[in-house]
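A quick write-up on the structure given underneath.
Side-chain atoms are counted along with the backbone in the values below, which use heavy atoms only and exclude waters and symmetry mates.
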Amino acid sequence: MIVSIMLRWLRTHRAGLLGWSAGLIGVTSMYLPFYTTVALDPELMDQYMSALPPEVVSAFGFDDITSPGGYVHSTVFGLLGLVLVLIAGITRGVRAIAGDEQTGSLETEVTAAVDRRDVYIGRALGVTVFVVILGLVTGVATALISGPSGLDLPLDRVAAGVAALTLLGVVHALIALAVGAATGRSSIALGVAVVAAVLGYFAHNLGPMIAEGIERFSPFYWAYGNRPLSEGFDWGGLGLLLILTVVAFVAGLVTFPRRDLGV
Amino acid sequence: MSQGPIVLEDLRKSYGKVEALRGLTLQVSAGEVYGFIGPNGAGKTTTMRILLDVLRPSGGTARVLGVDPREGGADLRARIGYLPGELAMEERSDVGPWLDYQMRIHRASPGAWRPYAERLGLDPSRRIRDLSRGNKQKVGLARAFAHEPELLVLDEPTGGLDPLMQQEFYAMVREAVGRGQTVFLSSHVMSELEQVAERVGVIWEGRMIAEAPLEELRGSIGTRFTVRFDSAVDLDELARVSGVNGVQQVGDLVELDHTGSPDALLKTLAAHTVSHVRAEPPDLEDAVLQLYRRADGDSATGADEGSRA
């Protein structure tokens with residue numbers, strides 16, 4: 001039954017999946033080819049960067065923009081691609097329970113011969129697969145464009161970046177899902193997930209300038225702190241992301257079957 | 001089975017300070033059509049959602065097909081067909097695939113809805129978003145009936161249906177009962193229940209204020225006499241006649257609500273010159289309105305009393 005619910009959820013979101021995938025392919029294929037110009041004169045780029053206030057450079061994660069891994073991170077995985085994956089994941093997570101509960105369409109599923117727990121698990125899996133596909137699409141696009149753009153990023157580095165990006169998206173999507181499942185309020189779910197993402201992002205990129213060590217509590221630091229696109233898989237960071245994902249998932253799983261539905 | 005398909009005892013439900021159900025007790029017997037009537041906001045939908053375990057009661061007990069809905073889970077719901085009062089579906093889906101999916105999660109075969117869609121004149125290739133309210137209701141009805149559940153819980157089932165489709169729906173209900181299924185349906189309009197319900201429960205502000213077989217309910221309100229006298233009569237004298245529950249002057253006509261044997265009333269009328277008399281059969285809509293008014297008078301301080309005798 002869980003698989004049926006997951007497949008059905010994905011089916012109803014296939015148009016969105018196509019749209020977001022197209023957006024990610026667009027972002028990837030627009031940014032990465034510009035590396036050829038960066039690579040032509042790395043010193044010039046470094047000068048540009050040093051002309052900017054260091055806080056700005058850090059805030060956008062531009063610290064290492066001239067290396068291939070640094071460039072892919074600064075443009076796609078740490079910036080626009082990341083923003084797209086987060087928005088797509090969080091909005092899906094918000095809608096999967098709380099949103100459908102408010103429109104009422106959840107009622108025809110929870111009143112059928114399925115356990116409410118299965119409804120939650122099926123939809124959580126659907127949201128997860130949705131984000132994973134977006135991560136893979138970004139990865140495939142990056143790998144394909146990497147050569148022609150002169151990036152020549154090794155595949156295992158791309159895979160490491162995709163793992164980090166994907167888990168970062170899944171964590172925030174499931175936070176949104178779980179808060180929505182616990183409260184039934186999509187505004188609260190959206191608020192909590194967005195605040196978590198903004199705080200996490202700035203704690204990672206600007207945190208060290210405000211308080212020493214604060215970045216270590218940020219999922220963005222777990223994902224990107226050790227620069228997976230340049231250095232490869234950071235299993236410790238991915239492990240922390242996975243733990244937070246499971247914690248969020250379980251929080252929704254425990255609370256959702258216990259409450260009244262405002263369907 | 002000693003217990004009926006639905007047994008509610010002192011059922012309570014509050015949302016914060018608002019009490020939606022204040023000790024609701026009712027029993028639905030196997031194989032009957034039970035009509036649940038009450039004005040909007042009386043607690044009908046809340047009651048039905050408790051039966052489906054969408055809401056959890058704040059107090060009292062509920063048993064559905066012998067099981068507490070909180071414990072019954074998916075196995076219990078497989079035996080129930082439910083039509084939500086505010087039916088919302090995946091707007092972007094087509095009717096056919098959506099119903100196929102619904103059959104799967106109701107443990108029915110994928111095409112089980114087709115005969116019902118056909119009867120109701122529903123086009124399965126349409127998009128749900130493009131359907132009129134009445135057509136959406138047909139999708140909901142097909143979903144509720146298709147797996148031939150032991151118990152049908154239908155919240156305002158005829159809403160949006162045209163008279164022809166209402167008749168088709170009544171036929172579906174009668175056939176379901178013929179197969180031994182039990183039907184629990186709600187409405188805020190008596191005329192919708194009149195055609196199918198064998199027994200009626202009237203709910204008002206979260207409480208049952210009357211419960212009776214339809215015929216009995218009809219008898220309890222009696223007859224309305226409309227009389228024109230050629231000369232003025234003493235209304236108080238008429239009000240004192242046994243069986244008369246209310247008298248009022250409307251223009252040159254006098255209206256009398258009457259229950260029981262009309263003998264005494266007719267003899268009193270015979271003492272006057274009567275130029276016109278009409279005795280109307282009991283109107284159930286009126287009966288229910290009277291029940292509401294009585295309940296309102298009991299519960300409130302009688303704020304708007306006197307507006308009607």
Q.
Using modelled atom types and a 3.5 Å cut-off, is there a donor and acceptor pairing between side-chain atoms of A:D115 and backbone atoms of B:A74?
A. yes

Q. Could you walk me through whether A:V110 and B:D53 pass the side chain to side chain contact (heavy atoms under 4.5 Å, CB included) check?
A. CA-CA 9 Å; A:V110 294; B:D53 195 38; over 6 Å; no

Q: Drop me the distance from A:T103's OG1 to B:E86's CD, to the nearest 0.5 angstrom.
A: 11.5 Å

Q | Point-to-point distance, once rounded to the nearest 0.5 Å, from OG1 of A:T111 to CD1 of B:I105 | A | 7.5 Å

(Q) On a heavy-atom basis, which atom in B:A88 and which in A:G104 lie closest, and how many Å separate them? (A) CB-C, 3.5 Å

Q: Under the side chain to side chain contact (heavy atoms under 4.5 Å, CB included) rule, what do B:R49 and A:E107 come out as? Steps first, then yes or no, please.
A: CA-CA 10 Å; B:R49 283 179 172 169; A:E107 189 169 18; 3.2 Å; yes

Q: Give a yes or no on whether A:Y31 atom OH has more than 12 heavy-atom contacts from other residues, nucleotides or ligands under 6.0 Å away.
A: no

Q) Looking only at heavy atoms, what is the nearest atom pair of B:E90 and A:S105, with distance? A) N-CB, 4.3 Å

(Q) Counting only non-hydrogen atoms closer than 4.5 Å, does A:T108 touch chain B with its backbone (N, CA, C, O), its side chain (CB onward), both, or neither? (A) both

Q | B:R179 atom CZ, over 12 foreign heavy atoms within 6.0 Å | A | yes

Q. Is it the case that more than 12 heavy atoms not belonging to B:R107 sit under 6.0 Å from its CZ atom?
A. yes

Q | Contact origin within A:I5 toward chain B - heavy atom pairs under 4.5 Å | A | both

Q: State whether the side chain of B:R56 and the backbone N or O of A:D260 hold a donor-acceptor pair below 3.5 Å, judged by distance alone.
A: no

Q: Select one option (side chain, backbone, both, neither) describing which atoms of B:L87 are under 4.5 Å from chain A's heavy atoms.
A: side chain

Q: Heavy-atom pairs under 4.5 Å with chain B are the metric here; pick the option from A:M1, A:R11, A:R116 that has the most.
A: A:R116

Q. Any chance OH of B:Y15 has more than 12 other-residue heavy atoms, nucleotides or ligands included, within less than 6.0 Å?
A. yes

Q: Under the side chain to side chain contact (heavy atoms under 4.5 Å, CB included) rule, what do A:R8 and B:R104 come out as? Steps first, then yes or no, please.
A: CA-CA 11 Å; A:R8 179 70 200 169; B:R104 200 169 314 131; over 6 Å; no

Q) Taking everything shown except B:E9 itself, do over 12 heavy atoms lie less than 6.0 Å from its CD? A) no

**Q.** Closest-packed option against chain A by number of heavy-atom pairs under 4.5 Å, given B:H147, B:E91, B:H106
**A.** B:H106

